[in-house]
> 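To start, I am sharing the structure in question, which I have written as structure tokens.
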Amino acid sequence: MSWAAWGAGVAAVWAAPKVWQRAQLSRAKHRSLAGHSRLAKRLTRWMPSVSYDETMFYAADGAPADVVAKRRSGFARIAASLAQRSPKTLALSDAVKDAMADMALTSRYRVPFQFSAVLRQNLRLASFWARSEGVKLVDADGQAFFDLTGSYGVNVFGLDFYKDTMAQGQDRALALGPVLGGYAPELTEVVPALLAISGMDSVSFHMSGTEAVMQAVRLARYHTGRKKIVRFTGAYHGWWDDVQPGPGNPMPPGHVYTLADMSERALQVIASRKDIACVLVNPLQALHPNQNAPSDSTLVDGSRRAGFDRAAYTQWLQQLRAVCTAAGVALIMDEVFMGFRLGKQGAQGYFHVQADMVCYGKTLGGGWPVGVVCGQADWMRRYREDKPADIAFARGTFNAHPGVIASMAAFLARLDTPEVAAMYAQADARWNQALAQWNRRFEQEELPLRVQGLQSVWTVTYTQPSRYHWMLQFYLREAGLALSWVGTGRFIFSLNYSDDELHEVLERVVRAAKAFAADGWWWAPPGVSGQAMRRQVLRELWQAKKAQWQARWRIAS
């Protein structure tokens, strides 16, 4: 055997395990853009700007003249109605919208980008609220709206609940004030309560849910000596680089593996690799596994999917728990969004699985910003007994702020009241019944709407393709329903909604949907599928990209 042949053989033997690991990792990814962060980022960089003019705005699907006329009339009416009802509130938005980076982003990406320019020029939506009353938000003009925003997950028990906990906390903390570095006495109430709820041994406090996840990941890396993080397709764990590796993050994916949710192949990767420090789970993904958070800005054809199978997701988490234990990998439950909504013990109790660390935020602050990590003692320790200089540092000036801790104490005390116990006891049955009632009503009214939910967090889905489903959010706003900027992608109810209030919200959705249909937005070319609509959008993008290239060539020549 020649030296060249021998060397090639050695190289092949050395490379074979790496090739196998790479292939195994590729097979464990979900077959979608959401499952391939690098590819998704390349596509966003490639994607050209397409902005419809006013003619195309109403006829992107090839609608005939009579349908276009209905749409024009309906759009003008909605725009005028929203402007006339809330002039003071709109003035507040106008005063800061150009200087507020968040408002600039959300206003631009509330709808598919092709429609955004015409919409923003002609339809103004206010972003301010003056007060809350029960399950309603009231704007600066006194217009009341049923709150379906849920304050992005903060509002679990009702806005009046948090007004009380905020006030109680501030009353208790006022004598101490913003004294930082030491701790408020209320910490002695909060810590034991959190350990009992989480089933953990230790706790640390942070300023946000994102910070809590950052700390949990840092501790996992510290104790394992490994770098890689596993997250599942579509899951959100905050906006920092390592856990938000796709579009929206200018950094490359780096130290993260994005694997398919509820996948045997993903379990095989976690079990076999030696570089994984932790696995992150956001239980909200049980409502739409392997998909990004639903938003009206992505509704190019209406093919939004959602559905919750509690038994299947419970089995998955328990399998994942066993694999992580065997592999020495930290299982981190990210309950920043869903914590305390599914029950006092959260997703851990709901799905009967014990994590190594659990992250909380949002609602736990009793109305104030907070992030908390609870974990097993071995994972939470930030130092090594045998290496005194080797520590895992994490500290923030405002961590465990006295006002936040006191409000958290008030929040945790309220969890043990009969009022909250009654909400929890009937939550599953009540919200599943409401889902069924809503869907029966939509079917009876022959509306192409359905709702899917994980308890009190719902997503609207559509039974027919359309280029204009995103427009429904503005009809719902006119009907007195307040949605977050993702539109019909999320209805987040607080648990204190009464049956009568839920019924009234349903009636308003039905009225809005009927008006939407009457204005021609659900017209579609006979026999045209959602796939055909997606192809049309891709053709438009390709034509726009070719036009860009041709313009550059003309300039270069």
Side-chain angles (χ1 to χ4, degrees), residues 49 51-52 54 57 72 74-155 159 162-163 166 208 239 248 293-299 362 367-369 460 468-492 494 505 508-509 512 515-516 521:
S49 175
S51 184
Y52 293 155
E54 192 167 331
F57 181 91
R72 284 183 178 275
F75 183 85
R77 181 186 61 77
I78 288 285
S81 174
L82 294 176
Q84 291 165 4
R85 291 183 180 188
S86 301
K88 295 178 182 177
T89 313
L90 286 168
L92 292 173
S93 297
D94 290 342
V96 297
K97 67 179 182 180
D98 293 333
M100 274 285 291
D102 287 349
M103 287 177 64
L105 178 71
T106 55
S107 65
R108 182 174 291 269
Y109 288 97
R110 198 180 293 273
V111 303
F113 63 85
Q114 298 93 328
F115 298 92
S116 179
V118 171
L119 184 91
R120 286 181 286 116
Q121 290 166 9
N122 295 280
L123 191 153
R124 297 157 67 211
L125 203 62
S127 302
F128 283 79
W129 302 107
R131 65 183 189 277
S132 60
E133 298 174 352
V135 295
K136 292 184 178 180
L137 303 176
V138 182
D139 68 14
D141 297 273
Q143 297 288 319
F145 299 76
F146 281 99
D147 178 23
L148 303 184
T149 73
S151 296
Y152 297 101
V154 173
N155 184 11
L159 294 163
Y162 297 96
K163 290 180 184 180
M166 291 171 76
S208 69
W239 54 264
S295 168
D296 281 1
S297 66
T298 60
L299 280 176
K362 297 189 185 292
W368 299 107
V460 177
Y468 290 97
H469 290 310
W470 52 266
M471 186 67 197
L472 179 61
Q473 62 182 297
F474 304 106
Y475 282 73
L476 295 174
R477 182 64 171 255
E478 188 199 28
L481 304 178
L483 310 182
S484 65
W485 76 279
V486 299
T488 61
R490 277 269 151 87
F491 287 1
I492 307 173
S494 50
V505 173
R508 294 187 184 208
V509 172
F516 184 85
W521 298 106

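Everything numeric here is computed off the predicted structure, so don't read it as measured data.
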> Mind checking what makes side chain to side chain contact (heavy atoms under 4.5 Å, CB included) contact with Ala76, not counting sequence neighbours?
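By the side chain to side chain contact (heavy atoms under 4.5 Å, CB included) rule, Ala76 matches no residue at all.
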> Enter the distance from Gln473:CD to Ser295:OG here, rounded to the nearest 0.5 Å.
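Going from the CD atom of Gln473 to the OG atom of Ser295 covers 8.0 Å.
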> Holding to ring-ring contact (aromatic ring centres under 6.0 Å, His included), I want the full list of residues that pass it with Trp129, two or more places apart in sequence or in another chain.
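Testing Trp129 for ring-ring contact (aromatic ring centres under 6.0 Å, His included), a comparison that skips the adjacent residues, returns Phe145.
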> Pairs under 3.5 angstrom only: tabulate donor-acceptor contacts from the side chains of residues 479-492 to other protein residues two or more places apart or in another chain.
from: Thr488; atom 1: OG1; to: Asp296; atom 2: OD1; distance (Å): 2.7
from: Thr488; atom 1: OG1; to: Asp296; atom 2: OD2; distance (Å): 3.4
from: Thr488; atom 1: OG1; to: Arg304; atom 2: NH1; distance (Å): 3.2
from: Thr488; atom 1: OG1; to: Tyr462; atom 2: OH; distance (Å): 2.9
from: Arg490; atom 1: NH2; to: His288; atom 2: NE2; distance (Å): 3.0

> Nearest 0.5 Å, please: how far is CH2 in Trp470 from CG in Leu299?
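Rounded to the nearest 0.5 Å, the CG-CH2 separation comes to 10.5 Å.
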> Where the side chain of Ser86 meets the backbone of Asp141, is there a donor-acceptor pair that is under 3.5 Å apart?
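Flag not set: sc Ser86 to bb Asp141 has no pair under 3.5 Å.
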> Taking the six-membered ring for Trp, are Phe115 and Tyr468 ring centroids under 6.0 Å apart?
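Yes, close enough.
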> How close do Ala117 and Ser51 get, heavy atom to heavy atom, and via which atoms?
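Reported closest heavy-atom pair: CB-OG, 3.4 Å.
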> Using side chain to side chain contact (heavy atoms under 4.5 Å, CB included) as the criterion, list what pairs up with Leu123, not counting sequence neighbours.
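Partners of Leu123 under the side chain to side chain contact (heavy atoms under 4.5 Å, CB included) test: Phe75, Ile78, Ala79, Leu82, Leu119, Met471, Phe474.
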> Got a second to check how far Tyr162's OH is from Asn155's CG, nearest 0.5 Å?
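The CG atom of Asn155 is 6.0 Å from OH of Tyr162, to the nearest 0.5 Å.
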> Rounded to the nearest 0.5 Å, what separates atom CE in Met103 from atom CG in Leu125?
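Output value for this atom pair is 10.0 Å.
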> Is Arg77 close to Glu478 at the side-chain level, that is, under 4.5 Å between some pair of heavy atoms?
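Counting from C-beta outward, Glu478 and Arg77 do come under 4.5 Å.
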> For Phe128 versus Ser93, what's the shortest heavy-atom pair and its separation?
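Here Phe128 and Ser93 meet closest at CD1-OG, 3.4 Å.
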> Val135 vs Ser494, test: side-chain contact (heavy atoms from CB on, under 4.5 Å). Steps then yes/no.
CA-CA 8 Å; Val135 295; Ser494 50; 4.1 Å; yes
> Tell me the side-chain hydrogen bond (donor to acceptor under 3.5 Å, both in side chains) pairs involving residues 105-119, sequence neighbours left out?
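Sorted result for residues 105-119: Ser116-Arg120.
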> Is there a side-chain contact between Met100 and Ser127 (heavy atoms, below 4.5 Å)?
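No - every pair of side-chain heavy atoms lies 4.5 Å or more apart.
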> Rounded to the nearest 0.5 Å, how far apart are CD of Gln143 and CD of Gln84?
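That separation rounds to 11.0 Å.
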> Are the side chain of Thr149 and the backbone of Ser151 linked by a donor-acceptor contact shorter than 3.5 Å?
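Between the backbone of Ser151 and the side chain of Thr149 there is a qualifying donor-acceptor contact (under 3.5 Å).
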> Kindly determine whether Leu137 and Leu159 satisfy side-chain contact (heavy atoms from CB on, under 4.5 Å), including the steps that lead there.
CA-CA 9 Å; Leu137 303 176; Leu159 294 163; 3.6 Å; yes
> For the residue pair Ser297 and Val111, establish whether any side-chain heavy-atom pair is separated by less than 4.5 Å.
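Result no, sub-4.5 Å side-chain heavy-atom pair not found.
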> Any salt bridge (charged side-chain N to carboxylate O under 4.0 Å, His left out) involving residues 83-101? Give me the pairs, sequence neighbours left out, ordered by first then second residue.
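Sorted pair list: Asp94-Lys97, Asp94-Arg124.
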> Identify the two heavy atoms, one from Ser132 and one from Lys163, that lie closest to each other, and give their separation to 0.1 Å.
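Taking Ser132 first and Lys163 second, the nearest heavy atoms are O-NZ, 2.7 Å.
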